[in-house]
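See structure below.
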2 protein chains.
Amino acid sequence: MSVDKKEHIMHVAIELFAEKGFEGTSIRDLAQKADVNIAMVNYYFGSKEKLFEQLLADKAQFMRAKIEAVESNESLTEIEKLDHIIDGYVTRFLTQPEFHRVFLQELLVNQRANLHQTVLSLFEKNTRDVVSIIEKGIKKKQFKKVDPQLTFISIVGTINQVMMSKEMCNTLMNASANHNPYQDPKFKKRILEHIKQMVHAHLIITTVS
Amino acid sequence: MSVDKKEHIMHVAIELFAEKGFEGTSIRDLAQKADVNIAMVNYYFGSKEKLFEQLLADKAQFMRAKIEAVESNESLTEIEKLDHIIDGYVTRFLTQPEFHRVFLQELLVNQRANLHQTVLSLFEKNTRDVVSIIEKGIKKKQFKKVDPQLTFISIVGTINQVMMSKEMCNTLMNASANHNPYQDPKFKKRILEHIKQMVHAHLIITTVS
DNA sequence: GTTTAAATTAAACAACTGTTTAATTGTGAT
DNA sequence: ATCACAATTAAACAGTTGTTTAATTTAAAC
């Protein structure tokens, strides 16, 4: 029963942190929504901040795995690797929009320095992987001489911008306010097509006939 | 003396909100850093939340002005208009990074519904203006058939991603940790060149000779 | 059935929150 | 000099915060 309960608390915590932020979420809010006693959070996690740390740590390594797998797959061309990574990013972020917003908040609010650093170093690892793919493409003269780091920033930035506000996405899709765009396959398709179209135009050299 | 003091409080508030978030900033923090009495914030602004509202409202209209000016300037081509808007965005955001982070936080944390809506409607106005420019370019067959909304999202998303963390920018530029990238003209130039290069490749039709 | 330890609870803790009050100081007009 | 009003202050307010305690319940082991 205890493991389930612990995970239940973590799940509710992600929702609340994503909605109200870390400071804006009280342990009493969390305890009430998770239907547990106030003391259980500190009993299981030690403190509110440690709960947050564990949330980030748990998901972070999961987010690393796919990129590393794609990067080391030698049977793929560089542009195919990028397309796979874009697919992976969009899919993961759309299936866990709440957590991803917690992630973004921690990157944005620089109050808890150690957490900020954790999130940052994770992002930098992903940046390095993608940059090395783009640089390979440039060396093979398949890609234009672009700015590899900022190209990755544009990919991630596009997705993050979309993740920022559900309401923004709904006006984007001409959907009603109560609609959940992150579960809408049309929305996912639209974002994927846009990013790939833009990245391809940005990277691939158009051979003049 | 009173107007100066009021603006002084607002200035310190932007810094603190950007650094610690709205919930993470206490009125006592603010009063201490601004070197005023705790009661002065409520005396001038009524409440902490109204102070925040005024911060947003004051800057918001300033951010609107340039886009409207560019959009109505008939002597510019569509791609020139976009370049001007990109210039304006980057310049404004780099000169006021603290405020912009406050802006992003409010978009991200959905706790104060009315503030969230204010920020959102402002963003939507800007989106509409830029989208109409891109659509004109498509109609004139100067632009490819892209997704106008998401193209704007990519422009803004790239800038926002860069604004998210000073530390991230420094590793991006191979700069030391105490460096302020937002005041570095090389950094600005690099971002501007990347965004324009990417947007041009994405939009402009390459005529096959 | 007793024992042992984990799980759970309500209550209390001290510190902090935004806000208000009531008293005091400062300033400009008459 | 006096009045009126704005500006400023320290203190107190009521409520919330994260955390801890000490008591109780639950559950498994022997």
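Residue numbering restarts at 1 for every chain, and letters A, B, ... go by the order of the sequence lines.
- For the pair A/F52 CZ and D/dG18 P, the computed distance is 13 Å after rounding to whole Å.
- Between A/G46 and A/G24, the residue whose closest nucleotide on DNA chain D is further toward the 5' end is A/G24.
- Atom CE of B/M40 is separated from atom P of C/dG18 by 17 Å (rounded to the nearest Å).
- Residue B/R28 places its side chain closer to C/dT19 than to any other of C/dA12, D/dT21, C/dT19.
- Residue A/Y43 has a polar side-chain atom (N or O) positioned under 4.0 Å from OP1 or OP2 of C/dA7.
- Using a 4.0 Å cut-off, no side-chain N or O of A/K48 falls inside it from OP1 or OP2 of D/dT17.
- B/M10 is listed as a side-chain neighbour of B/F45, based on a closest heavy-atom distance under 4.5 Å.
- Phosphate contact (OP1/OP2 of C/dT8, side-chain N/O of A/K5, threshold under 4.0 Å): present.
- Going from atom CG of A/N42 over to atom P of D/dT17 covers 14 Å, rounded to whole Å.
- The interatomic distance linking B/I38 (CD1) with C/dT21 (P) rounds to 16 Å, in whole Å.
- C/dT20 atom C1' lies 18 Å from atom CZ of B/F45, rounded to whole Å.
- Between the side chain of A/H84 and the backbone N or O of A/E80, at least one donor-acceptor pair lies under 3.5 Å.
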Might you work through the side chain to side chain contact (heavy atoms under 4.5 Å, CB included) test for B/E78 and B/L203, ending with a clear yes or no?
CA-CA 11 Å; B/E78 269 64 39; B/L203 283 177; over 6 Å; no

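- Taken together, the paired segments of DNA chain C that extend over three or more consecutive Watson-Crick or G-U pairs, each closer than 3.5 Å at both contacts, are C:1-29 with D:2-30.
- To the nearest angstrom, P of D/dA14 lies 18 Å from CD1 of B/I27.
- Between B/N37 and D/dT8 there is no side-chain N or O to OP1 or OP2 distance below 4.0 Å.
- In this structure, the side chain of B/K144 engages the main chain of B/A201 through a donor-acceptor pair within 3.5 Å.
- Classified by interplanar angle (parallel below 30°, tilted 30° to 60°, perpendicular above 60°), the ring pair A/F123/A/F152 is tilted.
- Rounded to whole angstrom, the span from the NZ atom of A/K20 across to the P atom of D/dT17 amounts to 9 Å.
- The aromatic rings of A/F93 and A/H100 lie parallel to each other, their planes meeting at an angle below 30°, with 60° marking the opposite boundary.
- Using a 4.0 Å cut-off between charged nitrogen and carboxylate oxygen, A/D129 and A/R64 count as a salt-bridge pair.
- With rounding to whole Å, A/Y44 atom OH is found 9 Å from C/dT8 atom C1'.
- Residue B/S26 places at least one side-chain N or O under 4.0 Å from the OP1 or OP2 atom of C/dT17.
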